[in-house]
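Down below is the structure, laid out as structure tokens.
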Amino acid sequence: MGTAGKVIKCKAAVLWEQKQPFSIEEIEVAPPKTKEVRIKILATGICRTDDHVIKGTMVSKFPVIVGHEATGIVESIGEGVTTVQPGDKVIPLFLPQCRECNACRNPDGNLCIRSDITGRGVLADGTTRFTCKGKPVYHFMNTSTFTEYTVVDESSVAKIDDAAPPEKVCLIGCGFSTGYGAAVKTGKVKPGSTCVVFGLGGVGLSVIMGCKSAGASRIIGIDLNKDKFEKAMAVGATECISPKDSTKPISEVLSEMTGNNVGYTFEVIGRLETMIDALASCHMNYGTSVVVGAPPSAKMLTYDPMLLFTGRTWKGCVFGGLKSRDDVPKLVTEFLARKFDLDQLITHVLPFKKINEGFELLNSGQR
């Protein structure tokens, strides 16, 4: 492309500080350095994790460009890049896969050492590629997709099938993969089992889709908002309940409903109390409970260790336990083969300039 090697001026949604709306600004995006890739963003999703930065519950430097769930086209590459080339359709990865660290080399690992979960806000060389009004603007989780162009390290990008629709498969960059992988990879749901999903937002629906794909015979969705039940049933839940409908603890309700046979529970909210409820709700001896929702930072959890002593397994997962560069292209191929439907996860499609309206919809529960 004619822009290779040059600074690109484009529009981006900049967060200048916490608890402020996004400001659509003209920014400068520097060319990619060695082992870096510059991407033209085609579509980006809005995720609760982005909102955590706005509200201050997730550490970040400011000003920052957030966003981490997108599809784009490679505009140009830096020296030494071998896995993608200009014109490739790609998904930026908030969870890198360097393929060299202990987590990447272990078949059960995926939390690459290059992950930026502490809010460094820079690329591998310690600097940023964004400037606005003469000031440096920080990156977010190796991706920064709320901009027309971004720069990522090569370990944070996956080439996908060129036929993939950008506005749909961008969800594979975070929300869908996190939920689906939690069921099939981290939880390892077995055919014929009973599963319970706490929280029926986009990631919770993706957990249900994963449980269904794994062959679960009973999938119970739980949410305080009954408006979410219809969509949960549409993607594979066999029934849905609200904790408000009984005075008994939800673990007792589920035990009575299933004949004390819940094999797997998934907490997809990020509330400490619900994490304990989910643990108590799976079978005391052979049940597995997976923490999927991001917990609040700087909070400690207190629970009765007898919940684990009797034999339960309690697991956490980042990005559904998936290896990002290996598994994202496979999921895109499976989507194109109609193994699962992402339409149920998309509630609104908005132009970039209405990004603040998108977050209002997120916070009102209309997503």
Side-chain angles (χ1 to χ4, degrees), residues 1-47 49-70 72-81 86 90 92-94 96 114-157 350-360:
M1 294 186 182
T3 48
K6 301 173 184 176
V7 171
I8 291 178
K9 291 185 177 182
C10 67
K11 297 292 185 190
V14 178
L15 270 180
W16 290 101
E17 54 186 299
Q18 283 180 13
K19 299 176 183 174
Q20 294 294 319
F22 291 96
S23 178
I24 303 294
E25 306 277 6
E26 182 177 82
I27 65 164
E28 295 83 39
V29 183
K33 295 184 180 181
T34 301
K35 290 284 187 178
E36 293 177 358
V37 179
R38 188 159 62 181
I39 301 168
K40 179 181 182 179
I41 299 295
L42 300 176
T44 184
I46 288 176
C47 178
T49 307
D50 303 311
D51 192 55
H52 289 338
V53 178
I54 301 171
K55 291 187 167 62
T57 56
M58 186 169 184
V59 177
S60 177
K61 294 178 181 176
F62 291 87
V64 63
I65 297 171
V66 295
H68 62 284
E69 191 178 72
I73 296 283
V74 174
E75 174 269 338
S76 60
I77 58 175
E79 188 178 343
V81 172
V90 294
L93 306 167
F94 77 88
R114 294 192 183 181
S115 304
D116 184 11
I117 54 177
T118 57
R120 291 193 313 271
V122 290
L123 295 184
D125 75 338
T127 64
T128 171
R129 301 294 165 266
F130 303 128
T131 53
C132 182
K133 299 178 180 176
K135 297 179 181 178
V137 178
Y138 290 100
H139 295 249
F140 175 66
M141 294 183 78
N142 307 294
T143 48
S144 292
T145 62
F146 291 170
T147 170
E148 292 175 327
Y149 287 86
T150 191
V151 178
V152 304
D153 292 306
E154 185 180 17
S155 59
S156 294
V157 64
L350 301 170
F352 186 40
K353 63 184 178 182
K354 291 191 175 182
I355 189 166
N356 286 308
E357 187 178 315
F359 276 86
E360 288 168 12

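Start at 1 with the first residue, then count along the sequence.
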Tell me whether [X] is salt-bridged to [Y], with the criterion being a basic N under 4.0 Å from an acidic carboxylate O.
X      : Y      : result
Glu154 : Lys35  : yes
Lys33  : Asp125 : yes
Glu148 : Lys40  : no

Minimum heavy-atom distance [X]-[Y], with the two atoms named:
X      : Y      : answer
Asp153 : Ala124 : OD2-N, 3.4 Å
Ser155 : Arg114 : OG-NH1, 3.5 Å
Phe22  : Asn356 : N-OD1, 2.8 Å
Glu357 : Leu350 : OE2-CD2, 4.0 Å
Pro32  : Arg38  : CD-CB, 3.9 Å
Gly121 : Asp116 : N-OD2, 3.0 Å

Just verifying a value: how many Å separate [X] [atom1] and [Y] [atom2], rounded to the nearest 0.5 Å?
X      : Y      : atom1 : atom2 : value
Phe359 : Lys55  : CZ    : NZ    : 8.5 Å
Glu17  : Ser60  : CD    : OG    : 12.5 Å
Glu25  : Cys10  : CD    : SG    : 12.0 Å
Phe352 : Ile41  : CZ    : CD1   : 9.5 Å
Glu26  : Cys132 : CD    : SG    : 8.5 Å
Ile77  : Glu79  : CD1   : CD    : 10.5 Å

Could you go through the side-chain contact (heavy atoms from CB on, under 4.5 Å) check for Glu75 and Thr3 one step at a time? CA-CA 8 Å; Glu75 174 269 338; Thr3 48; 2.6 Å; yes
Is there a side-chain contact (heavy atoms from CB on, under 4.5 Å) between Val152 and Val90 once you walk through the steps? CA-CA 11 Å; Val152 304; Val90 294; over 6 Å; no
In residues 134-146, what donor-acceptor pairs under 3.5 Å come from side-chain atoms, sequence neighbours left out?
unit_1	atom_1	unit_2	atom_2	d
His139	NE2	Thr128	OG1	3.3
His139	NE2	Arg129	N	3.0
Asn142	ND2	Phe94	O	3.3
Thr143	OG1	Gly67	O	3.1
Thr143	OG1	Phe140	O	3.1
Thr143	OG1	Met141	O	3.4
Ser144	OG	Ile65	O	2.7
Ser144	OG	Phe140	N	2.8
Thr145	OG1	Thr44	OG1	2.9
Thr145	OG1	Gly67	O	3.4
Thr145	OG1	His68	N	3.1

Evaluate Leu15 against Ile54 for side-chain contact (heavy atoms from CB on, under 4.5 Å), listing each step before the verdict. CA-CA 8 Å; Leu15 270 180; Ile54 301 171; 3.7 Å; yes
Any side-chain heavy-atom pair from Phe130 and Glu28 closer than 4.5 angstrom?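 Sidechains of Glu28 and Phe130: no contact.
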Residue pair Ser115 / Pro96, side-chain heavy-atom distance below 4.5 Å: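 In contact.
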Hey, which of Val157, Ile73, Val29 is the one that makes side chain to side chain contact (heavy atoms under 4.5 Å, CB included) with Ile39?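 Among the candidates, only Val157 passes.
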Can you pull out every salt bridge (charged side-chain N to carboxylate O under 4.0 Å, His left out) where at least one residue sits in residues 2-13? Sequence neighbours excluded, please.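 Sorted pair list comes back empty.
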Dump the intermediate steps for side-chain contact (heavy atoms from CB on, under 4.5 Å) on Arg120 and Thr118, then the final yes or no. CA-CA 6 Å; Arg120 291 193 313 271; Thr118 57; 3.8 Å; yes
